[in-house]
Structures are given as C-alpha cells and as structure tokens.
Asker: 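Take this structure first; my questions come after.
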Amino acid sequence: MSKLVKKTEAFVFDLLKKELPNTIVYHNHTHTLRVLKSTKEIIENSKIDVNDAEILQLSALLHDVGYTQKRDGHEEVSAQIARDFLTKEGADDKTIKAVEACILATKFDTKPTAQLEKILRDADSSHFGKKYFPEASEFLRKELELAGVANYTPREWLDENIKVLSKKHSFYTDYALQNWQKRKEKNLAKLIKEKKKLKTKRKTEEIKAKYKAQYKNESPERAIQSFYRTALRNHIKLSDIADTKANILLSVNAIIISVVLANLISKLDTNPYLTLPTVIFTLFSVISMIMSIIATRPNVTSGQFTKEDVINKEVNLTFFGNFHKMELKEFEWAIQEMLKDKNYVYNSLTKDLYFLGKVLERKYRLLRITYTVFMIGIIVSLIAFGVAVKNNPGVDLQDVLDSTSQIQSNLPNSYNNAFVVKS
C-alpha cells in the first residue's frame, strides 16, 4: 500500500467519523473497508499495474465520502472531495481524473465502460456475491428508513432485492463473474425460496382468516346449540339429584317403619303410654314415604302422534313420551321432517327444556314439603315420647333408650351418619 493510499485511508476514517450522519448505517466506514477489500481481491487476481492499483484503492476509499454532505448526488460530492484531497496531497492530474471517473461510475443507473471503472463498480456491489449479503441488505433497508427515503416492509424489501439481483445488477469483470456470480445466484435463490415460503404462509393465513370469519359467522348458531346442550344437561342433572334425594328419604322412612314395627309394637302391651308417640312417629314416616313416591312417580303420556301433528309442528319429538307407541318407520319419517326445518328443531328443544323445568319445579316443591314433614315428624315424635315418659314416672327410661338404640343400630351406616337419634 502506497503512502498516498495510507494517508487517504486515515483521511476517510476521520472524515466519516466526524461528519457522517448517524442515519447512514450502511454507507459507512465498514462498507468502505469491504469495498477496499473486494477491490484488492480483484487486483490480486487480475493483471493490474501499480499505478492502476493505486487509483482503484484511492477510488474505493473515497467513493462514498459524499454521504457526509448529502445522499442524492453524493457521487459528484465524493469526486469533488477526492479532487480537493488528492490535489492537496500532490497527486498528479491524471490520477485525480481517473479516481473521479471511477467514483462517478459507481452510480447504479450507469454502465461503466473503462476497465478500472468496471473493477470499482463490481467491488462496490460485491456484497451481492458474498455470504454477508443478508446483513448488508438489512442495513441498507434500515438506512433508507432512517433517512426518510423509503420505508419497506420485509416482504416489500424481499421483492425489491429479487428485482435488483435478477434484473438490475450485473457483474462486469471476469473475476467477479467467475467468483462472485455463483454466490449471487445462491443469494437470489434463497430470496426466491423465502418469497415462496411467505406466499405459502400468506395463503395459509388467508385460509385461516377465511375459516375464522366463517366460524365467526356461524358462532351464533354454535352458541345456540351450546345453550341448549348445557341447559338440558343441567336440567337432567338436577332431576337426578332430586330423584336421589327422594330415594334417600324413601329408604330411610321404610327402614324406620320396619324397625319400629318390629321393636316398639311388641312393647305396647306393657307400655301403653308409647302408643300415641309410636303412631305419630309412624304416621309422619308414612306420609314422608308417600310424598317421596309422588315426587318421583313418572308420568308417561299417550306416546302417539299423527302426520298432521308433525306437519303443523305440534309434536315434540325430543321427548320419548310423544312417540313410544309409534312404529319405527313413522318415527324416522317424523325425525327427517323435523330436521328439514331448523326452527322446528329449536322449538322442540325449547319445549323439552320448558317441560323439564316444569317437572323439576314439581319435584323440588314436593321434596321440600316432604323434608319439612319429615323434620316436623321427628320433632313432634320426640316431644310426644318425652311427654309420655314424663307423664309416667314409673317408666323404665333405660328400656326406652335401649329401644331407640336398637332402632338406630338397625339403620345402615350411610343413613346413621345423616340421621342420628339423640336422647
């Protein structure tokens, strides 16, 4: 490297460091050094004399110093700065003119003609044929954005790069064509592949958006179905709970009555004062049993319908009580007719939900009364037993307690836990 080239390198470094705007993140000192390195690479692999080699290195160092003043027309500014600096350093006019010509040849919309111009032009765009092309390309996009020149989206920048590499750019020197063209084609292929991926992804997103919109349009329908499904399931669960409660009460009273009849009746002859409390206790238990049976007793309807009922939408085919006596063919026909009309289906589900609610109201109302009667019966019976024992001082209290304990011991453990007789 000549002394002039070394001085120029120091000059360019200081100039860019002090005066280059912060928005210039691509055409900076790093880019300048890369162009210089690519220039030397071509020089070392071409038949270039010492003078031309010096001109190329000077041109590579000075070709973008015009960015310190402006972006548009920076080549002319760079050429002028180069002339002033080289003149000051005592360079001959031939060298200065050659450097100016090389710098002006870096305009992207021009076609270089002289050999030195072609070399510098290839060196300036060598990143197209380098592995660091994606990095350099992204810095250039950011620079254009910061400078307010253009704000490309990643997809738009991808299209722009493909356009430049495939149509707008060409290498001019034999060395660049032999050594950088292959990498350039690989970079272009990667860009095209990435574009295809983005295109596929976009189509996938469009399909998803389409189905999402379709789902959104169908969401009221799905919400209606979910409503009926949830409401009917809840009603059925509540009906099961009511039946379980009635079954517990029925079983408990049945066991109580059987135990009372087996243990207390035999002692009434010797303990006549227990007759009234026993009758009261048994009566309330019987009433509780009867009401429990009434609460859970099924009510089956006629189980028949006519074609006119189906046509007029007057029969609810979701309830078995309306079709259990019909033939299979007639029932299948009725179902097919119902499924043809969405409103008929919803009306049937609404009726089913309504009448299930009516049945539940009746069950829970009767169960509430039954549990109240059972509770009152227990209280009244205990009071009656207490009064009977009090009015008969000679009664053996231990005998009564033994009878009560015997009744409790005959109850299953599950019911003992729920109903504990205390004295």
Asker: Less than 4.5 Å apart, side chain to side chain, heavy atoms only: is that true for K111 and Y172?
Answerer: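 Side chain of K111 against side chain of Y172, heavy atoms only: contact under 4.5 Å found.
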Asker: Got L33 and E9 here, is their nearest side-chain heavy-atom distance under 4.5 Å?
Answerer: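 Yes, close enough: below the 4.5 Å cut-off.
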Asker: I would like to know whether F139 and H31 meet side chain to side chain contact (heavy atoms under 4.5 Å, CB included); could you show each step before the answer?
Answerer: CA-CA 10 Å; F139 274 112; H31 169 69; over 6 Å; no
Asker: Please give me the minimum heavy-atom distance between N187 and K130, naming the atom from each residue.
Answerer: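 Smallest interatomic distance, heavy atoms only, reads ND2-O, 3.1 Å.
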Asker: In this structure, are over 12 heavy atoms from other groups packed under 6.0 Å from N312 atom CG?
Answerer: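 Yes - once you tally the heavy atoms of other residues, nucleotides and ligands closer than 6.0 Å, there are more than 12.
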Asker: Got more than 12 heavy atoms from elsewhere within 6.0 Å of CG, N22?
Answerer: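 No, because the 6.0 Å sphere around CG of N22 holds 12 heavy atoms or fewer from other groups.
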Asker: Report the C-alpha separation of K168 and E160 in whole Å, then their side-chain angles, then the decisive distance to 0.1 Å, and conclude whether the side chain to side chain contact (heavy atoms under 4.5 Å, CB included) test is met.
Answerer: CA-CA 10 Å; K168 294 184 178 182; E160 184 67 20; 4.1 Å; yes
Asker: Run the ring pair (Phe, Tyr, Trp, His ring centres under 6.0 Å) test against F108 and tell me which residues pass, sequence neighbours left out.
Answerer: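 Checked F108 against ring pair (Phe, Tyr, Trp, His ring centres under 6.0 Å); zero matches.
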Asker: Would the number of heavy atoms belonging to other residues, nucleotides or ligands and lying under 6.0 Å from CZ of R368 be above 12?
Answerer: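 Not more than 12 within 6.0 Å, no.
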Asker: Provide the closest heavy-atom pair for I81 versus T68 in the form atom of the first, atom of the second, distance.
Answerer: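 In this case the closest contact between I81 and T68 is CD1-OG1, 4.2 Å.
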Asker: Between Y26 and S137, is any side-chain donor less than 3.5 angstrom from a side-chain acceptor?
Answerer: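 Y26 vs S137: no donor-acceptor pair found between side chains.
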Asker: Got a donor-acceptor contact below 3.5 angstrom from the S258 side chain to the I255 backbone?
Answerer: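 Flag set: sc S258 to bb I255 pair under 3.5 Å.
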Asker: According to ring-ring contact (aromatic ring centres under 6.0 Å, His included), does anything in residues 141-162 pair up with another residue at least two apart or in another chain? List the pairs.
Answerer: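 Pairs touching residues 141-162 that pass the test: Y152-W157.
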Asker: Atom CG of L238 and atom CG of N234: how far apart are they, to the nearest 0.5 Å?
Answerer: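 Answer for the CG-CG pair, L238 versus N234, is 6.5 Å.
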Asker: So, taking the atom named CG in D64 and the one named CD in E75, what distance separates them when rounded to the nearest 0.5 Å?
Answerer: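 Answer for the CG-CD pair, D64 versus E75, is 7.5 Å.
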Asker: Rounded at 0.5 Å granularity, tell me how far CE in M375 sits from CD1 in I379.
Answerer: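 Nearest 0.5 Å value for the CE-CD1 distance: 5.5 Å.
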Asker: Between R202 and E205, does at least one N-O distance fall below 4.0 Å, as a salt bridge requires?
Answerer: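 Judged by the 4.0 Å cut-off on N to carboxylate O distance, R202 and E205 do not form a salt bridge.
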Asker: Test your reading of the model: is there a side-chain donor-acceptor pair from E100 to the backbone of R83, 3.5 Å cut-off?
Answerer: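 Absent.
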Asker: Got more than 12 heavy atoms from elsewhere within 6.0 Å of CD, E361?
Answerer: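 Yes, because the 6.0 Å sphere around CD of E361 holds more than 12 heavy atoms from other groups.
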Asker: E156 side chain to T153 main-chain N or O, any donor-acceptor pair under 3.5 Å?
Answerer: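 Looks like yes, one N/O pair under 3.5 Å.
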Asker: Do the side chains of E332 and K329 get close enough for a salt bridge, i.e. N-O under 4.0 angstrom?
Answerer: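 Here E332 does not pair with K329 in a salt bridge, since their nearest N and O are not under 4.0 Å apart.
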Asker: Between E194 and K201, does any side-chain N to carboxylate O distance fall below 4.0 Å?
Answerer: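 Looking at E194 and K201, the cut-off is not met.
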Asker: Indicate the atoms forming the closest heavy-atom contact of N28 with L16, along with that distance.
Answerer: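 N28 and L16 have their closest heavy atoms at C-CD1, 4.1 Å.
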Asker: Please lay out, stage by stage, how T173 and D122 fare under the test side chain to side chain donor-acceptor pair (under 3.5 Å).
Answerer: CA-CA 7 Å; T173 62; D122 283 353; 2.7 Å; yes
Asker: Using salt bridge (Lys or Arg N to Asp or Glu O under 4.0 Å), reason through E206 and K199 one step at a time and then give a plain yes or no.
Answerer: CA-CA 10 Å; E206 289 175 354; K199 188 175 181 181; over 6 Å; no
Asker: Can you confirm whether or not the ring centre of F128 sits under 6.0 Å from the ring centre of F171?
Answerer: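 No.
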Asker: Is it the case that more than 12 heavy atoms not belonging to Y67 sit under 6.0 Å from its OH atom?
Answerer: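 Result for OH/Y67: enclosed.
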Asker: Above 12 or not: heavy atoms from other molecules or residues under 6.0 Å from NZ of K363?
Answerer: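 Counting neighbours around NZ of K363, more than 12 heavy atoms of other residues, nucleotides or ligands fall under 6.0 Å, so yes.
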Asker: Keeping S381 on the side-chain end and I378 on the backbone end, is there a donor-acceptor pair under 3.5 Å?
Answerer: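 No: the side chain of S381 does not pair with the backbone of I378.
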Asker: Is there side-chain contact between F374 and M291, with heavy atoms separated by less than 4.5 Å?
Answerer: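 Sidechains of M291 and F374: no contact.
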Asker: Quick one: CD1 on I280 to CD1 on I383, what's the gap to the nearest 0.5 Å?
Answerer: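 Going from the CD1 atom of I280 to the CD1 atom of I383 covers 9.5 Å.
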Asker: Do N253 and I287 come close enough that some side-chain heavy atom pair is under 4.5 Å?
Answerer: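 No, every pair of side-chain atoms sits at 4.5 Å or beyond.
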Asker: Can you see which heavy atom on H63 is nearest to which on H74, and at what distance?
Answerer: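 Scanning both residues completely, I find the closest heavy atoms to be O-CD2, 4.3 Å.
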Asker: Between Q80 and D84, do the side chains contain an N or O donor and an N or O acceptor separated by less than 3.5 Å?
Answerer: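 Per modelled atom types, Q80 and D84 side chains form a pair under 3.5 Å.
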Asker: Check this for me: does any side-chain nitrogen of one of E145 and K142 sit under 4.0 Å from a carboxylate oxygen of the other?
Answerer: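 K142 and E145: salt-bridged.
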Asker: Test side chain to side chain contact (heavy atoms under 4.5 Å, CB included) on S166 and L188 and set out the steps.
Answerer: CA-CA 7 Å; S166 61; L188 177 60; 4.0 Å; yes
Asker: Taking the side chain as C-beta and beyond, is there a heavy-atom pair between H169 and R121 under 4.5 Å?
Answerer: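 Heavy-atom side-chain distance check fails, nothing below 4.5 Å.
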Asker: Using a cut-off of 6.0 Å, state whether more than 12 heavy atoms not belonging to K195 lie near its atom NZ.
Answerer: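 Result for NZ/K195: open.
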Asker: Assess the pair H29 and F13: is the distance between their ring centroids shorter than 6.0 Å?
Answerer: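 Yes, the ring centres sit under 6.0 Å apart.
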Asker: Give the ring-plane orientation class for F133 versus H127, where under 30° counts as parallel, over 60° as perpendicular and anything between as tilted.
Answerer: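 Aromatic pair F133/H127 classed parallel.
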Asker: Could you give the distance from CG (L349) to CZ (R229), rounded to the nearest 0.5 Å?
Answerer: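 The CZ atom of R229 is 11.0 Å from CG of L349, to the nearest 0.5 Å.
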Asker: Show the nearest heavy-atom pair for residues E41 and N45, with the distance to one decimal.
Answerer: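 Minimum heavy-atom contact is O-ND2, 2.6 Å.
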Asker: Start with the C-alpha gap between F11 and L62, add the side-chain angles, then the distance that decides, and say whether side chain to side chain contact (heavy atoms under 4.5 Å, CB included) holds.
Answerer: CA-CA 9 Å; F11 166 75; L62 294 163; 4.1 Å; yes
Asker: Check side chain to side chain donor-acceptor pair (under 3.5 Å) between K70 and all other residues, then give those that pass, not counting sequence neighbours.
Answerer: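 So K70 forms no side chain to side chain donor-acceptor pair (under 3.5 Å) with any residue.
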Asker: Could you report the tightest heavy-atom contact between S285 and I256, atom names first, then the distance?
Answerer: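 Shortest heavy-atom separation between S285 and I256 comes out as OG-CG2, 3.9 Å.
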